[in-house]
Amino acid sequence: MENRLKPMDAEQLREYGHKMVDFIADYYKTIENFPVLSQVEPGYLRNLLPDSAPNQPDSFQHVLDDIQAKILPGVTHWQSPNYFAYYPSNSSVAGFVGEMLSAGLNIVGFSWITSPAATELEMIVLDWLAKMLKLPEDFLSAGQGGGVIQGTASEAVLVVLLAARDKVLRRVGKDALEKLVVYASDQMHSSLQKACQIAGIHPENCRLLKATSSTNYALSPEFLSETISQDLTIGLIPFFLCATVGTTSSTAVDPLLSLGKIAKSNGMWFHVDAAYAGSACVCPEFRHYMDGVEEADSFNMNAHKWFLTNFDCSALWVKG
């Protein structure tokens with residue numbers, strides 16, 4: 001009877017919560033002592049854990065000991081000051097404490113009535129962020145547009161690609177799916193190709209146009225126009241253009257204004273993926289990298305990169 005499961009009461013929560021905070025604080029205090037890249041071999045953990053779940057609960061301290069001995073060696077330390085791979089992804093004390101509150105309230109906010117504060121706070125804070133970025137008013141929730149939090153930029157590009165697909169198919173007919181064409185630089189994140197697969201866009205109709213050092217690896221408007229003209233000539237339907245503000249490979253920035261005008265003249269949905277560098281554009285000296293965003297139908301940036309926000313928090317705005 002001593003080992004039967006009991007619900008955690010408020011005092012246990014206080015006790016274990018303090019222990020967990022201490023564990024994490026100690027981790028951050030010593031994080032520079034860990035090798036940034038995990039040194040384990042693939043499959044290392046299976047040899048350290050049992051084949052099936054335990055039948056009896058374990059002590060909290062033993063769980064922490066297991067994390068220290070078995071899990072941390074298999075962690076690549078993204079929060080280390082010595083970490084420079086991929087892109088910045090730094091959390092903060094405020095972000096961590098906010099995550100504690102979110103986990104404690106455990107809201108399932110799939111509609112307004114399930115927690116009005118969750119829906120309304122999301123709308124308000126994303127309006128704040130849109131204003132910091134100086135996005136056009138069409139992206140604010142006061143009108144027909146607005147922002148919503150996605151998990152990642154990969155989810156965001158899928159959402160808007162599906163919206164664009166359905167919009168054009170309502171106009172040209174659902175049987176035209178095989179004629180739809182998507183355009184982006186070859187520096188664009190691979191998530192666009194995956195989104196095309198999910199949306200039913202034929203792989204050969206996902207045009208990843210070669211970017212070179214002559215344009216600092218940005219998408220050339222002239223090359224884009226030429227490719228669109230060729231596709232129109234053979235009866236295809238250009239419907240979606242994705243530009244990037246800060247490519248993962250080289251932080252290249254596509255010329256939004258020129259590309260947006262091309263998209264508009266061809267009746268295409270224009271999405272701006274600023275997952276990497278969008279955060280920097282809250283600074284007046286970097287805002288010019290977003291010039292032309294007024295031509296966009298949707299815009300996305302990752303707060304979990306440079307905004308000291310825990311993964312995952314990807315902000316997506318759609319124009320009304």
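Computed from a predicted model, the values in this text were never measured in an experiment. Because only heavy atoms are used, hydrogens play no part in the values below, and waters and symmetry mates are left out as well, while side chains stay in.
Between Thr76 and Ser38, the closest heavy-atom pair is OG1-N, 3.3 Å. Contact record, Ile31 with Ser80: CD1-N, 3.6 Å, taken as the closest heavy-atom pair. Minimum heavy-atom separation, Trp306 to Ser279: CB-CB, 3.5 Å. Of all heavy-atom pairs between Leu129 and Ala315, the closest is CD2-CB, 4.3 Å. Contact between Ala195 and Val157 at its shortest, heavy atoms only, is CB-CG1, 4.2 Å. In terms of heavy-atom proximity, Leu64 sits nearest to Met20 at CD2-CE, 3.9 Å.
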Given side-chain contact (heavy atoms from CB on, under 4.5 Å), test Asp26 with Gln68 step by step and report yes or no. CA-CA 11 Å; Asp26 288 341; Gln68 186 76 52; over 6 Å; no
Between His18 and Phe23, does the ring pair (Phe, Tyr, Trp, His ring centres under 6.0 Å) criterion hold? Intermediate values first, please. CA-CA 9 Å; His18 280 296; Phe23 182 89; over 10 Å; no
Step by step, work out the side-chain contact (heavy atoms from CB on, under 4.5 Å) result for Phe311 and Thr152. CA-CA 9 Å; Phe311 187 84; Thr152 65; 3.8 Å; yes
Audit row: Cys196, Gln193, side-chain contact (heavy atoms from CB on, under 4.5 Å) steps and yes/no: CA-CA 5 Å; Cys196 286; Gln193 292 170 279; 5.6 Å; no
Kindly indicate, with the supporting measurements, whether the criterion side-chain contact (heavy atoms from CB on, under 4.5 Å) is fulfilled by Thr244 and Asp254. CA-CA 6 Å; Thr244 303; Asp254 290 333; 3.9 Å; yes
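Within the 4.5 Å cutoff, the side chain of Ile262 has heavy atoms near those of the Asn266 side chain. Between Leu224 and Leu241 there is a side-chain heavy-atom pair separated by less than 4.5 Å. You'll find the side chain of His77 stays beyond 4.5 Å of the side chain of Tyr83, heavy atoms only. In this structure the side chain of Lys261 never reaches within 4.5 angstrom of the side chain of Ser265, judged on heavy atoms. The shortest distance between side-chain heavy atoms of Ser314 and Ile149 does not fall below 4.5 Å. Counting heavy atoms from C-beta outward, Trp317 and Lys319 have side chains that stay 4.5 Å or more apart. In this structure, Met290 and Phe299 have side chains that are in contact, with non-hydrogen atoms separated by less than 4.5 Å. Asn300 is not listed as a side-chain neighbour of Gln150, based on a closest heavy-atom distance of 4.5 Å or more.
Checked against His271 for a side-chain contact (heavy atoms from CB on, under 4.5 Å), the options Leu316, Leu192, Asp297 give a single hit: Leu316.
Between the side chain of Asp58 and the backbone N or O of Val63 there is no donor-acceptor pair closer than 3.5 Å. Of the possible donor and acceptor atoms, one in the side chain of His189 sits under 3.5 Å from a partner among the backbone N and O of Ser191. Asp127 places a side-chain N or O within donor-acceptor distance of the main-chain N or O of Ser141, the cut-off being under 3.5 Å. In this structure a side-chain-to-backbone donor-acceptor pair under 3.5 Å is missing from Ser225 to Glu222. When atom types are taken as modelled, the side chain of Asn302 and the backbone of Lys305 share no donor-acceptor pair closer than 3.5 angstrom. Ser92 places a side-chain N or O within 3.5 Å of a backbone atom of Leu308 that can act as its donor or acceptor partner. In this structure a side-chain-to-backbone donor-acceptor pair under 3.5 Å is present from Gln39 to Leu37. Ser185 places no side-chain N or O within 3.5 Å of a backbone atom of Ala218 that could act as its donor or acceptor partner. Between the side chain of Arg165 and the backbone N or O of Ala199 there is at least one donor-acceptor pair closer than 3.5 Å. Not a single donor-acceptor pair under 3.5 Å links the side chain of Asn205 to the backbone N or O of Ile201.
Between the CG atom of Leu135 and the CG atom of Leu133 there is a distance of 5.0 Å, given to the nearest 0.5 Å. The distance from atom SG of Cys242 to atom CG of Asp273, rounded to the nearest 0.5 Å, is 5.0 Å. If you take CG on Asp231 and CG on Leu180, they are separated by 11.5 Å, rounding to the nearest 0.5 Å. One distance of note links CD of Glu294 with CZ of Phe139; it measures 9.5 Å at 0.5 Å rounding. Separation of atoms CD (Glu295) and CG (Leu256) is listed at 9.5 Å; rounding is to 0.5 Å. Atoms SG and CE, from Cys313 and Met301 in turn, are 8.5 Å apart once rounded to the nearest 0.5 Å.
Under a hydrophobic clustering in which Ile, Leu, Val, Met, Phe, Trp and Tyr are joined whenever their side-chain heavy atoms come within less than 4.5 Å, directly or via other members, Val253 and Leu209 fall into the same cluster. Under a hydrophobic clustering in which Ile, Leu, Val, Met, Phe, Trp and Tyr are joined whenever their side-chain heavy atoms come within less than 4.5 Å, directly or via other members, Ile234 and Ile237 fall into different clusters. Linking Ile, Leu, Val, Met, Phe, Trp and Tyr whenever their side-chain heavy atoms come within less than 4.5 Å leaves Leu126 and Val159 in two separate clusters. A continuous path of ILVMFWY side-chain contacts below 4.5 Å connects Tyr289 to Leu259, so both sit in one hydrophobic cluster. Residue Ile71 is grouped with residue Tyr28 when hydrophobic side chains (ILVMFWY) are merged at heavy-atom distances under 4.5 angstrom, including chains of intermediate members.
Counting heavy-atom neighbours within 6.0 Å of Gln144 CD, excluding the residue itself, gives a total of 12 or less. No more than 12 heavy atoms of other residues, nucleotides or ligands sit less than 6.0 Å from atom CD of Glu41. Atom NZ of Lys19 is surrounded by more than 12 heavy atoms from other residues, nucleotides or ligands within 6.0 Å. Heavy-atom contacts from other residues, nucleotides or ligands closer than 6.0 Å to CD of Glu15 number more than 12.
Ring pair Phe270/Phe240: centre-to-centre distance not below 6.0 Å.
The aromatic rings of Phe60 and Tyr16 lie parallel to each other, their planes meeting at an angle below 30°, with 60° marking the opposite boundary. In this pair, Trp78 and Tyr86 present their aromatic rings parallel. The plane angle is below 30°, not in the 30 to 60° band.
For Asp175 and Lys179, the salt-bridge test fails: no basic side-chain N is under 4.0 Å from an acidic carboxylate O.
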